[in-house]
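Down below is the structure, laid out as structure tokens.
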Amino acid sequence: MTARFVTVTPNPAVDVTYTVDGQTVGETLRVRDVRRLPGGKGLNVARVLTALGRDVVALQPLGGDAGRWMTRAIAGAGLASVPCPIEGETRTTVAVVDGMNHPTLLAEPGPTLTSAEWSRLAATVAETANPGDWVVIAGSFPPASRAEHLELIVDAAHDRGALVAVDTSGEMLRAAVGARADLIKANEGEILDATGADDAVEGMGLLSVGGATVMMSRGADGSVLREPGGSVIEQQAVPGIAGNPTGAGDASTAGLVAALAEGHSTPIALAWAAICGAAAVLRPGAGEIDPDVLPELAQRLAPVDGALDPLHQKRSQS
Ligand SMILES: O=P(O)(O)OC[C@@]1(O)O[C@H](CO)[C@@H](O)[C@@H]1O
């Protein structure tokens, strides 16, 4: 049976991307283009998996006017989701991009979830996930979240026989180790910060003690993956890619789990992470890809016909 994917975005956001002609702190920035997308890391993963032709259900607590906008926009984008209503108002995040500098991100904290809302979210995970599915928990957790909230969701997925990937930071990244997540993804800064290690590969070792495969994303410097047995694989980024890197890490997560779920080797999965990440950089909105550019990007990474076919084949069947 082909694995399905369930994404969990604990702190989703109305993602606003402002394109400007240059960023100077303290000055008025005239906005050339505005995009609003239903976002947050898990939703970005869901959008990319959907673009890859995968079967995905997106779960995210939503509330208030922004939550209602998100619900409509998620449906309008063709993403399958199950409602997880909350009392608080869903947040907005703003990325200011000019194509040359790193984007400036303004990230609101988001609403606090009550214990009952956490329990309902975990129950929805249990009702949605099936044996063999991948549950991808991605993004920051709302204010006042505790390790037990992450554990609740991971346990709900594991109890259903699903595998769990976690992409988060800080205390919740450490909690993913104790919760025995199957795959942990984070960037270099997040790994150093969460583990206190002097070196990121050493930090990856600390994150793997619960048995997880650990992937470290390094933007244009590629990525590194540590398998549970301790072997380390490096992957270069697709060369010569410029654009909006916001959400590129989420697209990488999608490429990685899509390939792993179908039983491809970790080097192939890591290459697909790089290809999907590059495709996201080429799109102006956060965490989107145009699947039509994937064959070209795969060629640039591995210029051998057919070397990186698996995800193409899936797309042409769908
Ligand atoms: O505050 P978090 O959850 O860490 O990050 C949220 C966010 O900035 O990350 C995504 C890009 O990766 C955006 O869609 C979203 O707004």
Side-chain angles (χ1 to χ4, degrees), residues 7-20 23 25 28-48 58-77 79 81 84-99 101-113 117 121 136-145 149-150 166-173 185-187 189-190 193 217 219 243-254 277 280-281 283-289:
T7 61
V8 181
T9 314
N11 199 6
V14 177
D15 257 344
V16 180
T17 305
Y18 286 146
T19 305
V20 297
Q23 306 191 42
V25 175
T28 300
L29 305 178
R30 297 286 166 195
V31 174
R32 240 186 323 118
D33 182 63
V34 185
R35 268 159 219 269
R36 274 187 186 78
L37 284 171
K41 292 183 164 52
L43 264 164
N44 295 343
V45 173
R47 188 160 34 236
V48 173
L59 305 180
Q60 44 283 319
L62 294 172
D65 286 342
R68 281 185 280 282
W69 181 89
M70 292 278 283
T71 302
R72 286 195 304 275
I74 288 166
L79 302 178
S81 72
C84 305
I86 56 164
E87 275 301 310
E89 174 87 23
T90 296
R91 66 180 176 150
T92 294
T93 62
V94 178
V96 183
V97 302
D98 64 11
N101 301 303
H102 283 297
T104 302
L105 286 176
L106 304 171
E108 293 181 7
T112 301
L113 268 58
E117 288 168 346
L121 181 60
V136 182
I137 305 166
S140 63
F141 277 59
S145 299
H149 297 133
L150 174 84
V166 178
D167 175 2
T168 188
S169 55
E171 184 197 348
M172 292 301 164
L173 189 52
K185 182 203 163 251
N187 66 35
E190 288 164 344
D193 177 54
S217 53
N244 177 14
T246 316
D250 311 331
S252 310
T253 306
V281 174
R283 291 283 303 167
E288 294 181 294
I289 67 162

Nearest 0.5 Å, what's the [atom1]-[atom2] distance between [X] and [Y]?
X: D193; Y: S169; atom1: CG; atom2: OG; value: 7.5 Å
X: D167; Y: E190; atom1: CG; atom2: CD; value: 6.5 Å
X: N44; Y: I289; atom1: CG; atom2: CD1; value: 11.5 Å
X: F141; Y: T9; atom1: CZ; atom2: OG1; value: 10.0 Å
X: R47; Y: I74; atom1: CZ; atom2: CD1; value: 9.0 Å

Subject >> Test: R283 and E288 ion pair at under 4.0 Å >> reply: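 Counted as a salt bridge, because a side-chain N and a carboxylate O are separated by less than 4.0 Å.
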
Are the side chains of [Y] and [X] in contact, using a 4.5 Å heavy-atom criterion?
X: T253; Y: K41; answer: no
X: I137; Y: T168; answer: no
X: R35; Y: P284; answer: yes
X: P103; Y: N244; answer: yes
X: L43; Y: M70; answer: yes

Original post:
With P85, which residues qualify under side-chain contact (heavy atoms from CB on, under 4.5 Å), at least two apart?
Top reply: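 P85 satisfies side-chain contact (heavy atoms from CB on, under 4.5 Å) with P83 once adjacent residues are dropped.
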
Original post:
side-chain contact (heavy atoms from CB on, under 4.5 Å) with R72: which residues, sequence neighbours excluded?
Top reply: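 side-chain contact (heavy atoms from CB on, under 4.5 Å) check on R72 returns R68, W69.
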
Show me the donor-acceptor pairs within less than 3.5 Å that the side chains of residues 12-20 make with the rest of the protein, sequence neighbours left out.
from, atom 1, to, atom 2, distance (Å)
D15, OD1, T93, OG1, 2.4

Is the backbone N or O of [Y] less than 3.5 Å from a side-chain atom of [X], with the two atoms forming a donor-acceptor pair by type?
X: R91; Y: P142; value: no
X: E117; Y: E87; value: yes
X: N11; Y: P109; value: yes
X: S81; Y: L59; value: no
X: Q23; Y: V96; value: yes

Shortest non-hydrogen contact from [X] to [Y]?
X: A248; Y: V281; result: CB-CG2, 3.7 Å
X: P143; Y: P111; result: CD-O, 3.8 Å
X: A95; Y: L105; result: CB-CD2, 3.4 Å
X: V48; Y: A254; result: CG1-CB, 3.6 Å
X: A46; Y: L79; result: O-CD2, 4.0 Å
X: C84; Y: L121; result: SG-CD1, 3.8 Å

